[in-house]
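Below is one structure, written out as structure tokens; comments come after it.
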Amino acid sequence: MVDVKGRGLRALVAAALMVSASFGAHAADKLITLGFSQVGAESAWRTANTESVKSAAPAAGVNLKFADAQQKQENQIKAIRSYIAQKVDVIAFSPVVESGWEPILQEAKAAKIPVILTDRNIDTKDTSLYVTMIGSDFLEEGRRGGKWLEETYKDDKGPINIVELQGTVGSAPANDRHAGLIEVIKNDPKFKIIASQSGDFTLAGGKQVMEAFAKTYGNKINVVYAHNDDMALGAIQAMEEAGMHPGKDIKVVSFDATKGGFQAMVDGKINVDVECSPLLGPQLMQASKDLAAGKTLPRWIKTDETVFLQADAAKIMPTRKY
Ligand code: GZL
């Protein structure tokens, strides 16, 4: 008679040894630890970006350390310094502003920890300070906003008076969404930027700035050019409280293409929304693993984006992921 019990036990022990061996092997190629410094939680875009980074880590087998800088550069610098002290394998961050990063990135370089930029770029000549930037082309986004204005007003003699709600002062998206607009309209004198002020990418900031613009310029305003949906939504509140009709007598150009932006297009209050994808988590995890495996990465891992028009918003909105 086959000693089923004995054989069964032997099979069980063999299986357990195999599992422990594989764990042993798994332990040999250790988990990658990624230290990530996030700008803050200023907008719906940022919330979606944080969610994308946090949810992508376990799926990729990356041990994520995450710090929210409340939109302060000194907090990002502190977080990066702490990741260096913890000897993480890779450091990544979304720089709140473009300048002032060389010293801390020199420290990361000295500690031989590779750095990945996500979402926003920095202003430096030293290309050794970071390996790659994963994110959008904000200059092209600004051009797309400008081209929509050019097309929309091609038969209009003007003047077309624009008020601009800028993003965080000194940030790459604010600098480049402005520069891209100027590139397109600079040769067409009918377009005039009559006022430009930062709303810091927040709904409250956009509302506050637009309240002042509405008081000062009133119905002289033809266009609101808002660097993100949160400020556009704040501006819409301010315009409606001032008796204006956003999307109708005042055209609204916005950026990000978040659910809130789409809803405002469906409601007829934003006329065009230039996409800027926050869903960078999976690319960040893959880049971190590639780096740890010694692979070389392109200097810029660019996200593909498009422009959404009000007429198409209702049809497309159900497909949107953020
Ligand atoms: C753009 C990102 C900007 C978004 C804002 O990539 O840095 O910051 O446009 C966010 O909504 O606050």
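As the structure lists them, so they are numbered: ligands from 1, and atoms in each ligand from 1.
At distances below 3.5 Å, not a single donor-acceptor pair connects side-chain atoms of Y153 with backbone N or O atoms of G158.
Closest protein heavy atom to atom 12 (O) of ligand 1: E42 OE2, 2.5 Å. Looking at atom 4 (C) of ligand 1, its nearest protein heavy atom turns out to be D256 OD1, 3.4 Å. Residue, atom and distance of the protein heavy atom nearest to atom 8 (O) of ligand 1 are R120 NH2, 2.8 Å. The nearest heavy-atom contact from the protein to atom 6 (O) of ligand 1 is D119 OD1, 2.4 Å.
The closest approach between a heavy atom of S136 and any atom of ligand 1 is not below 4.0 Å. Ligand 1 lies less than 4.0 angstrom from a heavy atom belonging to C276.
Numbered from 1 in the order shown, with element, the atoms of ligand 1 that lie under 4.0 Å from a heavy atom of F138 read 1 (C), 6 (O). Using a 4.0 Å cut-off to heavy atoms of P173, the atoms of ligand 1 that qualify are 7 (O).
Figure legend: R177 and Y225 shown without cation-pi pairing, the cationic atom not lying both under 6.0 angstrom from the six-membered ring centre and within 45 degrees of its axis.
Here F93 and F36 keep their ring centres 6.0 angstrom or further from each other.
A salt bridge is defined here as a Lys NZ or Arg NE, NH1 or NH2 lying under 4.0 Å from an Asp or Glu carboxylate O, and R144 with E141 fails to meet this definition.
Looking at every heavy atom in both residues, M244 comes nearest to A214 through CE-CB, 3.9 Å. Taking both residues in full, the closest heavy atoms of T258 and D273 are given as N-OD2, 4.4 Å, listed atom of the first, atom of the second, then distance.
When S94, A41, S43 are ranked by how near their heavy atoms come to atom 10 (C) of ligand 1, first place goes to S43.
In this structure, H227 and F255 have perpendicular ring planes: the angle between them is above 60°, well past the 30° mark.
Close N/O approach between W45 and ligand 1 is not found [any backbone or side-chain N/O within under 3.5 Å].
In this structure, a donor-acceptor pair under 3.5 Å is present between the side chains of S254 and D229.
Proximity of R177 to ligand 1, defined as any heavy-atom pair under 4.0 Å, is confined to the side chain (atoms from C-beta onward).
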